[in-house]
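FYI, the numbering just counts along the sequence from 1.
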Amino acid sequence: MEAIREAKIKNASNRLRKLKKPPEEFKISEDHEEKLTELFRLFEVDVEHGIGEGRISSKHIKLILRSMYMEPSPEELKELIKEINPENPSYISLPDLGRIIQIKMKDKSSKIELERAFQLMDKEEKGFISIDDLRRVAKDIGEVISEEEMQEMIDEADSSNTGHVSKEDFLNFMNKVQDNGV
């Protein structure tokens, strides 16, 4: 039963991904790189902790990310830093900070792409996706999907059991699909 469910999630995910894929690699523009370097240098020497030599305290990373309109949660930031610098998650270098920003840019782009996908499906701007919307999208992209499969898609993503998928449900469901690599 679980294998069937995962296969259906994978099928739904693949259909949605056909709409538009975000780029795999994100490059920081020269302007952003200059600003990033400038901000990094401001925090590089932390007199209180005696840090220098091309690294900053992890506590300053959130301030730099905020200046670039990125708002990771404390837990998310801690995981990102640990992923980039597992040996010493208390400090981070400029290249490591660049990698964190690239990850956040990709995350932000993914969210934007998912929001666009939701808007394409919710053409009438009702704030939710109905089975009628799925029928229309399936027809538009030339996919043959049974009524049962479409209802299962709705049921799978509909956390509030309303019979349709809200934007929040859609984003949560698609993030879950992407996180599980389905």
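Side-chain heavy atoms closer than 4.5 Å link hydrophobic residues (I, L, V, M, F, W, Y) into clusters, and following such links, even through other members, never connects F128 to L171. Grouping the Ile, Leu, Val, Met, Phe, Trp and Tyr side chains by contacts below 4.5 angstrom, directly or via other members, places F118 with M174.
Counting heavy-atom neighbours within 6.0 Å of K123 NZ, excluding the residue itself, gives a total of 12 or less. Annotation: E115, atom CD; neighbour count of heavy atoms from other residues, nucleotides and ligands within 6.0 Å is above 12.
Residues P74 and K62 come closest through the heavy atom pair CD-NZ, 4.0 Å. Across L97 and F40, no two heavy atoms sit closer than the pair CD2-CD1, 3.8 Å. The shortest non-hydrogen separation linking H164 to I129 is CB-O, 3.2 Å. What you find for R136 and D122 is that their closest heavy atoms are NH2-N, 4.2 Å. Of all the heavy atoms in I145 and A138, the pair that sits closest is CD1-CB, 3.7 Å.
In this structure a side-chain-to-backbone donor-acceptor pair under 3.5 Å is missing from N85 to I81. With S57 contributing its side chain and H60 its backbone, the two residues share no donor-acceptor pair below 3.5 Å. Using a distance-only test at 3.5 Å, with no hydrogens or angles considered, a donor-acceptor pair links the side chain of D158 to the main chain of G163. Although no hydrogens or angles enter the test, the distance criterion places a donor-acceptor pair under 3.5 Å between the side chain of D133 and the main chain of S130.
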What's the verdict on side chain to side chain contact (heavy atoms under 4.5 Å, CB included) for I131 and E147, showing C-alpha distance, side-chain angles and the deciding distance? CA-CA 8 Å; I131 198 160; E147 289 291 315; 4.0 Å; yes
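Annotation: the span from K126 atom NZ to K167 atom NZ amounts to 13.5 Å, rounded to 0.5 Å. Distance check, rounded to the nearest 0.5 Å: CD1 of I61 to CG of L77 gives 6.0 Å. If you take CD1 on I154 and CZ on F173, they are separated by 10.0 Å, rounding to the nearest 0.5 Å. One distance of note links OG1 of T162 with CG of D169; it measures 7.0 Å at 0.5 Å rounding. Here the CD-OG distance, from E148 to S146, works out to 5.5 Å after rounding to the nearest 0.5 Å. The CG atom of L80 sits 12.0 Å away from atom CZ of R99, with the distance rounded to the nearest 0.5 Å.
I103 places a side-chain heavy atom less than 4.5 Å from the side chain of I84.
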